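Just below is one structure, and these are the notes that go with it.
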Amino acid sequence: MKPKKSFPVTVTALGDGGYEIQFTFFYKNKCQQKIIDVEKTSDPKKFKTSQDMMVTMEEMPVKGHRIFYIEHQVFGMTVRIAKLISRKPEDNPEAMREFKKFMKSKKLPVEYMVVPKQLKNCVS
């Protein structure tokens, strides 16, 4: 189930302090597009989705990079996901080092990290 390809993610700031996150993925041999609105909470780093997932947006010391950290329940099991988001698709070794530190701080096994190939658009 590990993704081998990744498509651009667009994060748009909304006027109410929330964000719209738009992403594309390949599922069942088709390109799928998903848009998720996240609402601000009393904590400026935490946002809530309409599916009651909490998304934490962490600033990084590396300019132009953020970490999205999601922790939610699926069938009674806790699922934790960390995503390194950047304005540019180029590799940044410093950002990757900082991301690995973040993963370790959340007790996420670094060996489970997936770095999918970045594609410009969804192609079958």
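As the structure is a prediction and not an experimental result, all values here were calculated from the model.
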Evaluate the criterion side-chain contact (heavy atoms from CB on, under 4.5 Å) for residue pair Met60 and Leu84; output intermediate values, then yes/no.
CA-CA 10 Å; Met60 291 186 71; Leu84 175 61; 3.3 Å; yes
With hydrophobic residues grouped by side-chain heavy-atom distances under 4.5 Å, do [X] and [Y] end up in a single group?
X: Val9; Y: Tyr19; answer: yes
X: Val110; Y: Met96; answer: yes
X: Met54; Y: Ile21; answer: no
X: Val62; Y: Tyr69; answer: no

I need the [X] [atom1] to [Y] [atom2] distance, nearest 0.5 Å.
X: Lys83; Y: Ile67; atom1: NZ; atom2: CD1; result: 13.0 Å
X: Lys48; Y: Asp37; atom1: NZ; atom2: CG; result: 14.0 Å
X: Met53; Y: Ile81; atom1: CE; atom2: CD1; result: 7.5 Å
X: Glu111; Y: Met113; atom1: CD; atom2: CE; result: 10.0 Å

Start with the C-alpha distance between Glu94 and Arg97, add both sets of side-chain angles, then the distance that settles salt bridge (charged side-chain N to carboxylate O under 4.0 Å, His left out), and finish with yes or no.
CA-CA 5 Å; Glu94 183 183 357; Arg97 279 192 299 277; 5.4 Å; no
Can you name the closest pair of heavy atoms from [X] and [Y] and give their distance?
X: Phe102; Y: Ala82; value: CE2-CB, 4.0 Å
X: Thr78; Y: Gln73; value: OG1-NE2, 2.6 Å
X: His65; Y: Lys63; value: ND1-O, 3.0 Å
X: Pro109; Y: Met103; value: O-CE, 3.6 Å

With a 4.5 Å heavy-atom cut-off, do Gln33 and Phe23 have their side chains touching?
no
Mind checking whether Asp16 and Lys40 have side chains closer than 4.5 Å, heavy atoms only?
no
Within 6.0 Å of CD in Glu39, more than 12 heavy atoms from elsewhere:
no
Could you check whether atom CG of Asp91 has more than 12 heavy atoms from other residues, nucleotides or ligands sitting under 6.0 Å from it?
no
Are any of the side-chain nitrogens in Arg66 or Glu58 under 4.0 Å away from the carboxylate oxygens of its partner?
no
Could you check Thr12 against Gln22 for side-chain contact (heavy atoms from CB on, under 4.5 Å), going step by step and ending with a plain yes or no?
CA-CA 8 Å; Thr12 305; Gln22 181 179 334; over 6 Å; no
Evaluate the criterion side-chain contact (heavy atoms from CB on, under 4.5 Å) for residue pair Val38 and Phe68; output intermediate values, then yes/no.
CA-CA 12 Å; Val38 293; Phe68 285 14; over 6 Å; no
